[in-house]
Protein chains: 2
Amino acid sequence: MATPRLRIRKLSEPTISRLPVYQRIVESFRRRGITRIESSQIAQLTGVTATTVRRDLSGLGPLGTRGAGYDVDVLDQKIGEALGHDRTYSVVVVGMGNLGQALVNSSNFLIRGASLSALYDADPAVVGREIAGHVVRDINDPMIEATVGVICTPPSAAQEVADKLVAANVHAILNFAPTVVNVPIGVAVHYVDFSIELQILVFHLLNTMNFAGGILHSVGVTAQGQPDARAVD
Amino acid sequence: MATPRLRIRKLSEPTISRLPVYQRIVESFRRRGITRIESSQIAQLTGVTATTVRRDLSGLGPLGTRGAGYDVDVLDQKIGEALGHDRTYSVVVVGMGNLGQALVNSSNFLIRGASLSALYDADPAVVGREIAGHVVRDINDPMIEATVGVICTPPSAAQEVADKLVAANVHAILNFAPTVVNVPIGVAVHYVDFSIELQILVFHLLNTMNFAGGILHSVGVTAQGQPDARAVD
DNA sequence: ATTTGTGAAACCGTTCACAGCA
DNA sequence: TGCTGTGAACGGTTTCACAAAT
């Protein structure tokens, strides 16, 4: 039973997307043996304002010390709790092309409660091979149940794969194929589209060359903030 | 000399991130020979409201016809103009691991004005190989000038690569390494972090299982809208 | 003295409701 | 009639300014 689970009331969408970034910074401080961190330091490194950082963190309960900043260990743990890192969940990845391999071999993808359940591919040359400690299964084999499914197939196969994932009781899908997939109500789909990321970046480049701050993932652009890169790894 | 460039005044950040999605839908209509499209159809397929679609598009000037919807050709072209697709720009990709290969081999990444200039890697076993029609260069070779640089290296190398890119006059960086990089003012950095995407998805799964709509890349979750997946490819 | 935490104001984007046109 | 385009209302997030705490 451990700690009684304090239900976090209302974390806004923008806050949720920033918390993982904060946590990465906090952990890099921790690894370097620094025990305290200030909102202004997180702000500097992420490009958001210190006020926003404090407002975000205040949603997790009062965890800073006025005058001194936040305790790095406490902050790391509290953010982790808020994001549900104490819960584990299973992941299946479909499509073992370069992208699928990049994901499962990355030391940065399946972290914080995620555990890889199975890999699938349609290519007979790939099925049976061992990747990241898992034998790649045939997409036509019965699909293992999992919490999250990751689609790394060509777009033409994405819908079919999504259907299979839903049938295997998957509740959330991370879709790297540039296609909209149709799923029942209650299944979350999150899209990642490299081409669109690039287009957004280029738009900014061509138009507004004068924008400030914001090195956050997904909308980040550095400017005056001059974050100290070496501070984060 | 061509069309006089109408400077687009103010396109909001959310609008900019939706336009590429709209365009993808418009083009799928076009490929199927459909000549008109309504805001409600785009809305259905993206999960945003029809009003938002119209509001977004109205920023590009009046291009619809009241009573009938939008002309597919005109809309495609206008969105392309707004996003700067009539301008070409060059891209260098650094790091030819699985991710780098996935990107340059994808038919969906380098589109709309992007042209690949050069590939780089640090691994002698990879340098000299031909990938996507380009011989992979050594990261220590002089770097070709380009508009955009893409970092697909391990995080430990990201800062060094960013420095080299900046020295090669790159003005925008798409960083797939989970690290903050330090660049001079005027250089845009956009971060893509798979782990964070996954964490955000799982947060939603664990907490609010009751949220509506929004199948857009980056914050998308399907629900009642029931977009017809087959309509887009 | 310094930094957190937070009401209140300002700002921005979305939605509503409807006018404008084909 | 049907759908676009948009002023106005709304809701939510960020920023300001300052009180609270050590």
Side-chain angles (χ1 to χ4, degrees), chain A residues 8-19 21-22 26 29 34-44 46-72 74-75 78-79 208 211-214 216 218-220 224-225, chain B residues 8-19 21-22 26 29 34-44 46-72 74-75 78-79 82 208 211-216 218-220 224-225:
Chain A
I8 285 133
R9 241 150 318 284
K10 205 70 192 179
L11 252 20
S12 75
E13 200 66 39
T15 297
I16 293 159
S17 60
R18 284 189 294 261
L19 285 178
V21 184
Y22 298 167
V26 169
F29 271 56
I34 302 168
T35 62
R36 310 224 117 237
I37 190 169
E38 296 174 13
S39 61
S40 61
Q41 296 176 293
I42 298 177
Q44 172 101 16
T46 56
V48 304
T49 67
T51 306
T52 296
V53 173
R54 291 201 300 277
R55 182 77 69 184
D56 286 338
L57 296 179
S58 76
L60 315 181
L63 33 77
T65 312
R66 302 181 191 219
Y70 300 86
D71 182 279
V72 160
V74 170
L75 194 49
K78 287 289 184 183
I79 295 175
T208 66
F211 35 65
L216 230 39
S218 187
V219 264
Q224 63 227 23
Chain B
I8 284 134
R9 242 149 318 286
K10 203 68 194 182
L11 252 20
S12 76
E13 200 66 38
T15 296
I16 293 160
S17 61
R18 284 189 295 260
L19 286 178
V21 184
Y22 298 167
V26 169
F29 271 55
I34 302 168
T35 61
R36 309 224 118 237
I37 191 169
E38 295 174 12
S39 60
S40 61
Q41 296 176 292
I42 298 177
Q44 172 100 21
T46 56
V48 303
T49 67
T51 305
T52 296
V53 173
R54 291 201 300 277
R55 181 77 68 184
D56 286 338
L57 295 180
S58 76
L60 316 181
L63 34 77
T65 312
R66 302 181 192 217
Y70 300 85
D71 182 279
V72 160
V74 170
L75 193 49
K78 287 288 183 181
I79 295 176
T208 66
F211 36 63
I215 56 160
L216 230 40
S218 187
V219 264
Q224 62 227 21

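From a predicted model like this one, the values you see are computed outputs, not experimental measurements. In the text below, chain A, chain B and the rest are named by the order of the sequence lines, each starting its count at 1.
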S.K.: Sub-3.5 Å donor-acceptor pair from the side chain of T15(A) to the main-chain atoms of L11(A), do we have one?
M.R.: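 No; zero donor-acceptor contacts below 3.5 Å.
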S.K.: How does protein reach along nucleotides 1-8 of chain D, written 5' to 3' as B (base within reach of a heavy atom under 4.0 Å), S (only sugar-phosphate), or - (no contact)?
M.R.: -BBBBBBB
S.K.: Go through the steps for L19(B) and L57(B) under the test side-chain contact (heavy atoms from CB on, under 4.5 Å), then give the verdict.
M.R.: CA-CA 8 Å; L19(B) 286 178; L57(B) 295 180; 4.2 Å; yes
S.K.: Can you give the first and last nucleotides of DNA chain C, 5' to 3', that have an atom under 4.0 Å from a heavy atom of chain B?
M.R.: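 Under 4.0 Å from chain B, the extent on DNA chain C is dG13(C) to dA22(C).
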S.K.: Which value, rounded to the nearest 0.5 Å, describes the distance between R54(B) atom CZ and E38(B) atom CD?
M.R.: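 It comes to 10.0 Å.
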S.K.: Assess the residue pair T46(B) and R18(B) against the criterion (side-chain contact (heavy atoms from CB on, under 4.5 Å)); give the C-alpha distance rounded to whole Å, side-chain angles, the decisive distance to 0.1 Å, and a yes or no.
M.R.: CA-CA 9 Å; T46(B) 56; R18(B) 284 189 295 260; over 6 Å; no
S.K.: If every non-hydrogen atom of R36(B) is compared with every non-hydrogen atom of Q41(B), which pair is closest and at what distance?
M.R.: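 Minimum heavy-atom separation between R36(B) and Q41(B): O-OE1, 4.2 Å.
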S.K.: Expressed in angstrom and rounded to an integer, what is the separation of E13(B) atom CD from dT14(D) atom C1'?
M.R.: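 Result: 15 Å.
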S.K.: Measure across V72(B) and F29(B) and return the closest heavy-atom pair with its distance rounded to 0.1 Å.
M.R.: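 That would be CG2-CB, 4.3 Å.
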S.K.: Please find the pair of heavy atoms, one from Y70(B) and one from L75(B), that lie closest to each other, and give the distance.
M.R.: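 For Y70(B) versus L75(B), the nearest heavy atoms are CB-CD2, 3.8 Å.
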S.K.: Given side-chain contact (heavy atoms from CB on, under 4.5 Å), test V53(B) with D56(B) step by step and report yes or no.
M.R.: CA-CA 5 Å; V53(B) 173; D56(B) 286 338; 5.6 Å; no
